[in-house]
Amino acid sequence: MRLVVDSPACTGCNSCALSCSFVHQGHFSLADARVTIERDSARARFVPRVCVQCEEAPCIAVCPTDALLRDEELGCIRIVEARCVKCGKCGPACPFGGVRLDGPGRVPVICDLCGGDPECVKHCRLPGALSLGAEGKARTGAQA
Amino acid sequence: MREESSQMVMYVDLTSGTCNSEAMDPNRLPAFLGGRGLGDLLLWQNLPRNTDPFSPDNVLVFSTGLLVGTNAPTAGRSCVLTRSPLTKRYLKSSAGGHFGTALRLSGCEHLVIRGAAEFPTYLEIRDGVASLRDARELWGKGTRETTQALEARAGALASVACIGPAGENRVRFASIVVDYYCVAARGGAGAVMGSKNLKAIVAVAGARRIRVAHERGFSDVVAEARERLYADPSVGALHEYGTSAAIPVMNEMHLLPSYNFTRAHFASPHLEELGGEGLVRNGYLKARRGCSGCIIGCHRYTEVHQGAYAGTFSGGPQLETITKAGPNCGVDSVPAILRYNEICNDLGLDTSETGSCIAWLMETYAKGVVAPASLRGRGVRWGDSDCLVGLAEQIARRAGIGDVLAEGLRAAAESLGGGSWKWAMQANGMSVTGIVLQATYAYALAYAVNPRGPDHLHSQTEAELALSRDAIQLIERITGSKEYARPSCLEKRAEIVRWHEDIFAVSDALGICAFATTSSYAIDEEICARLFQAATGIQMDAKSVMECGRRIVTLERAFNVREGFARSEDTLPWRIMNERNEDTLGVEDPIVTQEKLDVLLDSYYALHGWDNAGRPTAECLRTLGLAGIVAGM
């Protein structure tokens, strides 16, 4: 299971980010979301930045303490907080801007696919910028 | 309700340079809901009677809807409330974009701005603190350059609401432009900002969190509202083609004002190109844009790549922009309309009012009342698309004839004389929104009693056009019979208007888009009440939420009554009341005479419990719990 991003379809509405923070933290915030929208509003260009569950994940490869691993069932990246030394290497390693390092305690914040039923996708059915695809090669309109 | 979601008001005095915030009395929430409701209350409490709109004593209130910043579908709307320099009446002007969300996340739900700064200034709100900063180097700049400069200073989580040269020059219909292309357009709130030397407001979304009282309950009702919207085919059409999809439909129904409202049908071979589908087909549409939390995304982004207007890019155009600059001026050139839209957005001009001024000038020129000499030797002929941009520039800069038009249609007609007031399509100083009122009587009543002037954004009664099964069912629910889903019927119009007034007020108070409640009907009174209840923890049902809407509408009425307006101002443009529009289809007597309007007004006042002069009675105020608030009206 993976998130499929189609940037040209994104309207920049932030429903994904607001829903993400609500489902994970129980409040609405743009700062806490696992998905962010990079925007050039003057030209109406919106690019959702979120983990797309790469097959060969650079974030896992770069982690010096094996704090990042793949969830066998869902295919998403999991963080073992006890092992994380907050070195911040995983953030820049991600070509899709899918790892946030500005969260509480600087522990990486990465999409967990909401346990298999991502909330953001439910709020993006009409524009269709975020959808759920089958396993396979990561397909994204996001520019690396 | 948890502390973080209490309604915070930031009071800003531009004269003294002081800013301080305080929490609003939570007891007001169940009566006024939030957004426009609480904003109205702040306006009423802070604006002295008979204040000149350009006086430092005039107050500008910004109010974010209760649900703005949440994921409730379409909850991205905020209102600006003030006394209008165009009409001298109550003004609510609203916009979407992300400003409301950023404002809430910056620390406040409402701004109350008074006074006037000594020199051009902008206001920045961050982490609950407001600061006034020097904007001298931004003065004179367009809204795009201003927004870009302030975004660069404040960072990626900033949202900017600003004015352009039109606002600075106190053009009486100058707009406030939010996030580049979302516009609080009507009634001249931008000119009030200009009169206060306030170039922009920057809200920076920060550490604040927005909480709701019942997380699970909120999630459930949001999901229900969302699924209902997705299931409505009109929502898909709005996403695909935007508001201007209605152009060919209105033309076919002979409801599309053309040539300054003399005609109801625009017989151009290029008509289809002007509609939303045409914009897509011909490659002008480059992206769709959504306001905060909006799963519809009706806003457009368009570009022109060829011809005289190559290089044009902007948000829009909306239906109203196209109607006013297009058919109503006899213009059918899409690139010219797109450039006009871009220029108006950048100069901070209301595209609707500006287009009405140009159409009026075209008719005035055609009738020989205005000579080419006063137009810099250049004629202003029907269909002359090249004059749109030049006139918009002249208006914004108050150059030549633009200085006359910048005062608004009513004043311009007085200035040029020659009977031109008869074709100035305005009432109470504001130009009428683009639909043929001689054939749509709920619209006509709604426009006559709209507190800000004859336009659609307080009570658009689209349901009377019976365009969908949902619309017909709604009319049946309101009136008791499907028979009343006919726009040229005089009966039950008051009931139809009042329902729409109430739900519009509720939508604005919650921050939900009217497209979700009065175009699609997916979000109804019950959903609104449940959203309010889950967000606040305060008991609310469908009947009570609509009563809140009525309370809001009545307070706005009281505002205008306090300023001396009554029945004689509940009126429509002269042409609508005195000239038959023979271009309409299937309407027996296509005119809204005073006699007809009186029938409509009598039933409307009676339904509201207002007296024959259109003033809320003591009994009405008591029933709505407004007696204490409006004492001394």
Side-chain angles (χ1 to χ4, degrees), chain A residues 6-49 97 100-106 114-115 117-131 141, chain B residues 2 4-5 69-76 97-98 101-102 104-105 144 147-148 151 156-157 159 179-181 205-212 215 218-219 222-223 226-227 229-230 235-236 238-240 286-303 313-315:
Chain A
D6 178 10
S7 293
C10 177
T11 65
C13 76
N14 270 342
S15 292
C16 54
L18 293 168
S19 300
C20 179
S21 73
F22 189 56
V23 83
H24 287 94
Q25 268 92 22
H27 59 241
F28 296 98
S29 153
L30 296 175
D32 296 337
R34 285 152 165 77
V35 51
T36 54
I37 296 175
E38 201 174 284
R39 50 183 73 233
D40 172 1
S41 302
R43 289 287 186 175
R45 287 175 191 143
F46 309 108
V47 181
R49 296 295 190 187
R100 296 195 68 166
L101 296 173
D102 52 359
R106 297 188 55 78
C114 295
D117 187 17
E119 193 70 12
C120 54
V121 170
K122 294 182 206 164
H123 287 262
C124 196
R125 203 185 311 157
L126 193 51
L130 294 174
S131 55
Chain B
R2 297 187 204 174
E4 279 161 299
S5 48
T70 74
N71 66 346
T74 79
H98 297 269
T101 296
R104 288 200 76 188
L105 293 172
R144 187 146 63 204
T147 305
Q148 261 158 353
E151 272 189 351
L157 291 174
S159 173
D179 291 334
Y180 293 94
Y181 307 130
R208 195 171 186 234
R209 308 287 179 250
I210 296 168
R211 294 183 188 277
V212 292
E215 288 166 26
F218 191 78
S219 228
V222 162
R226 186 186 67 216
E227 295 308 315
L229 278 164
Y230 283 147
V235 168
L238 201 51
H239 170 78
E240 204 58 32
K286 296 296 178 195
R288 297 174 176 85
R289 298 158 40 243
C291 303
S292 181
C294 182
I295 59 173
I296 305 175
C298 78
H299 282 209
R300 314 282 90 182
Y301 169 78
T302 47
E303 292 180 356
F313 67 99
S314 194

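The chains referred to below are lettered A, B, ... by the order of the sequence lines, with proteins before strands, and numbering in each begins at 1.
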At what distance, to the nearest 0.5 angstrom, does [atom1] of [X] lie from [atom2] of [Y]?
X      : Y      : atom1 : atom2 : value
A:S15  : B:R226 : OG    : CZ    : 9.5 Å
A:F46  : B:Y301 : CZ    : OH    : 10.0 Å
A:S29  : B:R211 : OG    : CZ    : 10.0 Å
B:R209 : A:D32  : CZ    : CG    : 4.0 Å
B:N71  : A:K122 : CG    : NZ    : 10.5 Å

Going by heavy atoms in the side chains, are [X] and [Y] under 4.5 Å from each other?
X     : Y      : result
A:F22 : B:V212 : yes
A:V23 : B:S219 : no
A:R45 : B:K286 : no

Report which part of [X] has an atom under 4.5 Å of a heavy atom belonging to chain A: side chain, backbone, both, or neither.
X      : result
B:E240 : neither
B:H299 : neither
B:R289 : both
B:V222 : side chain
B:L105 : side chain

Between chain A and each of [options], count heavy-atom pairs under 4.5 Å; write down the option with the most.
options                        : answer
B:Y180, B:F218, B:Y181, B:Y230 : B:Y230
B:A205, B:C294, B:G315         : B:C294
B:S292, B:S314, B:G206         : B:S292

Mind ranking A:Q25, A:H27, A:R43 by heavy-atom pairs under 4.5 Å with chain B and telling me who comes out on top?
A:R43
Can you tell which part of A:C124 gets under 4.5 Å to a heavy atom of chain B, answering side chain, backbone, both or neither?
backbone
Of the backbone (N, CA, C, O) and the side chain (C-beta and beyond), which part of A:A42 lies under 4.5 Å from a heavy atom of chain B, both, or neither?
both
Which atom names give the shortest non-hydrogen contact between B:C291 and A:C13, and what distance separates them?
O-CB, 3.2 Å
Counting N and O atoms only, with roles assigned by atom type, does the side chain of B:H98 sit under 3.5 Å from a partner on the main chain of A:G12, one being a donor and the other an acceptor?
yes
Only one of B:L238, B:I295, B:V235 passes side chain to side chain contact (heavy atoms under 4.5 Å, CB included) with A:L126, and that residue is B:V235
